[in-house]
Each structure stands twice: as C-alpha cells, then as structure tokens.
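This report refers to the structure that appears directly beneath it.
Heavy-atom basis, side chains included; hydrogens, waters and symmetry copies ignored. The first residue of the sequence shown is numbered 1, and numbering continues consecutively from there. None of the values given here were measured: they were computed from a predicted structure.
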Amino acid sequence: MLESYDVCAFVIATDAERAKQFYGGTLGLKFMSQDQYAVVFDANGIMLRVGLMPNHKPEQHTVLGWNVPDIRKAAADLVKRGVQMEKYPFLEQDEQGIWTPPGSGAKVAWFKDPDGNVLSIAQH
C-alpha cells in the first residue's frame, strides 16, 4: 500500500539551533523549515524531521544512517568536520571505527549527534 510513497525520517533533538548547526552545518543537509515542533531538512530527497523534545534521552542503537559509496572517505570527511567516530569494545573496528561484519563485504561506522543519537554510515 505505501510502496509508491516517499519515506520521511525522524530523529529527536533537545535544541533547535544545535540541531540546525549539526545536521545543516556539519552534515551538510539542506535546511527546509522550522517551527516549534521540529527542524526539517532535505536529506537527498528524503525529508528528515528533527523533532524537538526538551527531555529527550537517546536510544543506544542506530536511529538514522546513510549509505555511502566510500566509507573511508566519508568517515575521514566527518572527522575533519569535528565528528567523532564511535568505537565499541564488543566489535572489531579498524582505526577509523569501521566494522566489517563477519562473512560480509559491508562496512559500517557510527557517530553521534549532539544529543547522543547514534547515527551511521555504511558501504554495501
């Protein structure tokens, strides 16, 4: 039923200005609009609504991710923009924080937004 409609992505933030700086400035997403409930971005044709919730507590799992053609370049570019790649003791990640799942050619790396939401980049 929904197969012909666009997806809208959601993430929660506590501060609109900080969200605008991170998602717009650091990640380079195009700012679309803002109201008292959300800051909205265009994420390559997908609407990303960064909902505003003052008492938000981030989840400990990935809530939003991007597929990239070259994960090493994308990770390096994020670091140059001030983003810290996450390293998890239970995964075998390389020096850039990139994990290759066993038996897979995929690669994944994680980072957090200013509210502690876990975001990812992946190369398949």
Side-chain angles (χ1 to χ4, degrees):
M1 177 193 127
L2 298 178
E3 70 276 1
S4 62
Y5 299 104
D6 293 334
V7 169
C8 177
F10 295 86
V11 67
I12 302 299
T14 58
D15 181 272
E17 290 307 312
R18 196 169 61 182
K20 281 169 60 175
Q21 175 55 42
F22 182 77
Y23 287 94
T26 303
L27 300 186
L29 303 183
K30 181 181 174 191
F31 172 78
M32 293 175 60
S33 65
Q34 179 180 346
D35 60 28
Q36 67 187 26
Y37 304 107
V39 182
V40 182
F41 297 91
D42 177 347
N44 195 35
I46 303 295
M47 180 190 294
L48 171 61
R49 288 186 56 87
V50 181
L52 301 173
M53 185 181 297
N55 298 320
H56 171 63
K57 302 287 185 245
E59 297 295 331
Q60 297 303 304
H61 57 79
T62 308
V63 298
L64 185 65
W66 287 264
N67 290 317
V68 297
D70 184 341
I71 195 167
R72 296 203 177 285
K73 181 180 180 325
D77 288 346
L78 286 167
V79 169
K80 284 180 191 172
R81 292 172 171 255
V83 173
Q84 179 179 323
M85 304 311 290
E86 294 293 307
K87 293 199 177 167
Y88 298 103
F90 53 88
L91 295 175
E92 291 185 30
Q93 295 166 274
D94 68 15
E95 66 283 347
Q96 283 186 286
I98 297 169
W99 176 61
T100 302
S104 171
K107 297 181 182 317
V108 185
W110 295 268
F111 59 101
K112 292 182 179 177
D113 73 5
D115 286 288
N117 295 302
V118 180
L119 311 177
S120 71
I121 51 174
Q123 179 182 329
H124 297 279

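For D94, the salt bridge (charged side-chain N to carboxylate O under 4.0 Å, His left out) partners at least two apart in sequence or on another chain are R72. Residues satisfying the side-chain hydrogen bond (donor to acceptor under 3.5 Å, both in side chains) criterion with N67, sequence neighbours excluded, are H124. Partners of K73 according to the salt bridge (charged side-chain N to carboxylate O under 4.0 Å, His left out) rule, which considers only residues two or more places apart in sequence or in another chain, are D77. For A16, the side-chain contact (heavy atoms from CB on, under 4.5 Å) partners at least two apart in sequence or on another chain are Q34, V39, L52. In this view, K20 and E17 satisfy the salt bridge (charged side-chain N to carboxylate O under 4.0 Å, His left out) rule, not counting sequence neighbours.
In this structure, OG on S120 lies 13.5 Å from NZ on K112, to the nearest 0.5 angstrom. With rounding to the nearest 0.5 Å, the separation of CG in L78 from CG in L27 is 6.5 Å. Residue M85 holds its CE atom at 6.0 Å from CZ of F111, rounded to the nearest 0.5 Å. The distance from the CD1 atom of I121 to the CD1 atom of I71 is 4.5 Å, given to the nearest 0.5 Å. Atom NZ in K87 sits 8.5 Å away from atom CD in Q96 (nearest 0.5 Å).
Within the structure, the side-chain hydrogen bond (donor to acceptor under 3.5 Å, both in side chains) test picks out the following pairs touching residues 51-60 (sequence neighbours left out): H56-N117. Screening residues 3-16 for side-chain hydrogen bond (donor to acceptor under 3.5 Å, both in side chains), with sequence neighbours left out, gives T14-R18, T14-D115. Annotation: salt bridge (charged side-chain N to carboxylate O under 4.0 Å, His left out) contacts involving residues 23-43, sequence neighbours excluded, are absent.
Through direct or relayed side-chain contacts under 4.5 Å between Ile, Leu, Val, Met, Phe, Trp and Tyr, V40 connects to M32, M47. Members clustered with I12: M53, by chain and number, using a 4.5 Å side-chain heavy-atom cutoff among hydrophobic residues. Grouping Ile, Leu, Val, Met, Phe, Trp and Tyr residues whose side-chain heavy atoms lie under 4.5 Å apart, directly or via other members, leaves I46 alone, with no other cluster members. Apart from W110 itself, the hydrophobic cluster it occupies contains Y88, F90, L91, W99, V108, V118, where clustering links Ile, Leu, Val, Met, Phe, Trp and Tyr at side-chain heavy-atom distances under 4.5 Å.
Within a 6.0 Å sphere centred on OH of Y37, heavy atoms belonging to other residues, nucleotides or ligands number 12 at most.
Between G51 and A38, the closest heavy-atom pair is CA-CB, 4.0 Å. In plain terms, the two heavy atoms of P101 and A106 that are nearest each other are CD-O, 3.2 Å. The minimum heavy-atom distance between F41 and A19, with the atom names listed, is CZ-O, 3.8 Å.
A 4.5 Å side-chain heavy-atom check between V83 and L119 finds every atom pair outside the cut-off. Within the 4.5 Å cutoff, the side chain of Y23 has heavy atoms near those of the V11 side chain.
Remark: the backbone N or O of F22 is not paired with any side-chain donor or acceptor of R81 at under 3.5 angstrom.
No chain of hydrophobic side-chain contacts below 4.5 Å, direct or via other Ile, Leu, Val, Met, Phe, Trp or Tyr residues, connects V63 to F10.
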